[in-house]
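So the structure is just underneath, and the comments pick up after that.
Every chain is numbered from 1 and lettered A, B, ... according to where its sequence line falls, protein lines coming before strand lines.
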Amino acid sequence: MPEGHVVHRQAKEITRLFSRQQVAVDSPQGRFSDSAKQITGSVLTKAEARGKHLFIKFTDSSEIHVHLGLYGKWTFLESPPEPKGLIRLRLITPGACAELRGPNACSLLTSAESKEVRKRIGPDPIRRDDPSTTRDKVLSSSAPIGALLMDQKLFAGVGNIYRAEVLFRHNINPNDQGRSLTNETFNAVWEDLCVLMKAGVRTGRIDTVYPEHEPRAMKRKAREDRHGGEVYVYRRDGQPCHVCGSEILMTSMLGRNLFWCPQCQK
DNA sequence: GCCATATGGAAAG
DNA sequence: TTTCCCTATGGCA
């Protein structure tokens, strides 16, 4: 259930554990069996993330493409335990084991097919990709910025939490049209995503609250939430805004819950 | 045990 | 715009 920062961490971990090694690949659940048989025993070169997509590369230039979707999860272990639950894919070496459960996508691609997938992925703030095409599209779009931020072709790796938080940090109403933003505001938002998401890669949690706004009493509770960090608005509906005290609201946009402060984000 | 929910995205209508 | 897929978990009875 990750946003881009988690996928980048997983890419690093897979590279660290498996690169330049022969890897046994299997699929206890069965749905990846044919591909696993094809690739097992190959040498893994590296894993890399593009937004929320993960590509695990092998020396023959084929790649396993993984997208976790809402439920997908990697588990890293020193050695493979008796398979428990539904494991789509396992990577095993003498020293390490990675288990993948519940991904939205998991398939073996040729390098040509991988190229096609990559075309659908826009600039990624964590990689500090060039945002100029995104800027052009956003600044001329009539779609709400809250929707544009979820478009992976525009902001690869941004998910529901970073969307809500970055809008709050820049006092932007989620319903504002993309073209209502100034160039400066767009640049500030993009730069902020780079900083926030790279911090997320380092820490493995999403922290977006400036120190001066951290309410002592809420620290513990916020930290216990699933994203692991402290936030202004995400899943805080009904609670008071850390900045102005207004009640945080929840509405639906693109079928996802969107959280925002009606006072700070007019 | 049952039900709702979840940081996503593609396909169907 | 709705439906569907993939799986685990937390709250509640």
What is the distance from atom CG of Asp124(A) to atom CG of Asp129(A), rounded to the nearest 0.5 Å?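 Output value for this atom pair is 5.5 Å.
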
Return no unless some side-chain N or O of [X] is found under 4.0 Å from OP1 or OP2 of [N].
{"X": "Asn160(A)", "N": "dA6(B)", "value": "no"}
{"X": "Gln152(A)", "N": "dG8(B)", "value": "no"}
{"X": "Tyr234(A)", "N": "dT7(B)", "value": "yes"}
{"X": "Lys52(A)", "N": "dG9(B)", "value": "yes"}

Aromatic ring pairing His242(A)/Tyr232(A), orientation class (parallel under 30°, perpendicular over 60°, tilted between):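 Because their plane-to-plane angle lies in the 30° to 60° range, the rings of His242(A) and Tyr232(A) count as tilted.
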
Parallel, tilted or perpendicular: ring planes of Phe55(A) versus His53(A), cut at 30 and 60 degrees: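 The rings of Phe55(A) and His53(A) lie parallel, inter-plane angle below 30°.
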
I need the [atom1]-[atom2] distance between [X] and [N], as an integer number of Å.
{"X": "His53(A)", "N": "dG9(B)", "atom1": "NE2", "atom2": "P", "value": "6 Å"}
{"X": "Leu68(A)", "N": "dA10(B)", "atom1": "CG", "atom2": "P", "value": "14 Å"}
{"X": "Met150(A)", "N": "dA6(B)", "atom1": "CE", "atom2": "P", "value": "12 Å"}
{"X": "Leu70(A)", "N": "dC5(C)", "atom1": "CG", "atom2": "C1'", "value": "10 Å"}
{"X": "Leu254(A)", "N": "dG9(B)", "atom1": "CG", "atom2": "C1'", "value": "11 Å"}
{"X": "Asp237(A)", "N": "dA6(B)", "atom1": "CG", "atom2": "P", "value": "9 Å"}
{"X": "Arg120(A)", "N": "dG8(B)", "atom1": "CZ", "atom2": "C1'", "value": "13 Å"}
{"X": "Leu54(A)", "N": "dG9(B)", "atom1": "CG", "atom2": "C1'", "value": "16 Å"}

Out of [options], which nucleotide sits closest to the side chain of [X]?
{"X": "Arg256(A)", "options": "dT7(C), dA6(B), dT7(B)", "value": "dT7(B)"}
{"X": "Arg101(A)", "options": "dT7(C), dT7(B), dA6(B)", "value": "dT7(C)"}
{"X": "His67(A)", "options": "dA6(B), dT9(C), dG9(B)", "value": "dG9(B)"}

Taking the same atom, C1', in dT1(C) and in dT7(B), what whole-Å distance lies between them?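 23 Å, rounded to whole Å.
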
When you compare dA10(B) with dA8(C), how far apart are their P atoms, in angstrom units rounded to a whole number?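 Per the computed distance, 23 Å lies between those P atoms.
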
Minimum-distance pair of heavy atoms, taken over all atoms of Gln265(A) and Pro174(A):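 Looking at all heavy atoms of both residues, the shortest contact is NE2-CD, 4.2 Å.
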
Least distance between heavy atoms, Ile206(A) atom then Glu3(A) atom: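 Of all heavy-atom pairs spanning Ile206(A) and Glu3(A), the closest is CD1-CD, 4.4 Å.
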
Is there a donor on the side chain of Asn104(A) or the base of dG8(B) sitting less than 3.5 Å from an acceptor on the other?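 Present.
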
With a non-hydrogen cut-off below 4.0 angstrom, is [X] in contact with a base, only sugar-phosphate, or nothing?
{"X": "Arg31(A)", "value": "sugar-phosphate"}
{"X": "Leu86(A)", "value": "sugar-phosphate"}
{"X": "Gln29(A)", "value": "sugar-phosphate"}

Give every residue pair that meets the salt bridge (charged side-chain N to carboxylate O under 4.0 Å, His left out) criterion with at least one member in residues 12-28 of chain A, sequence neighbours excluded.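 For residues 12-28 of chain A, and leaving out neighbouring residues, the salt bridge (charged side-chain N to carboxylate O under 4.0 Å, His left out) pairs sorted by first residue read Glu13(A)-Arg16(A), Asp26(A)-Arg90(A).
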
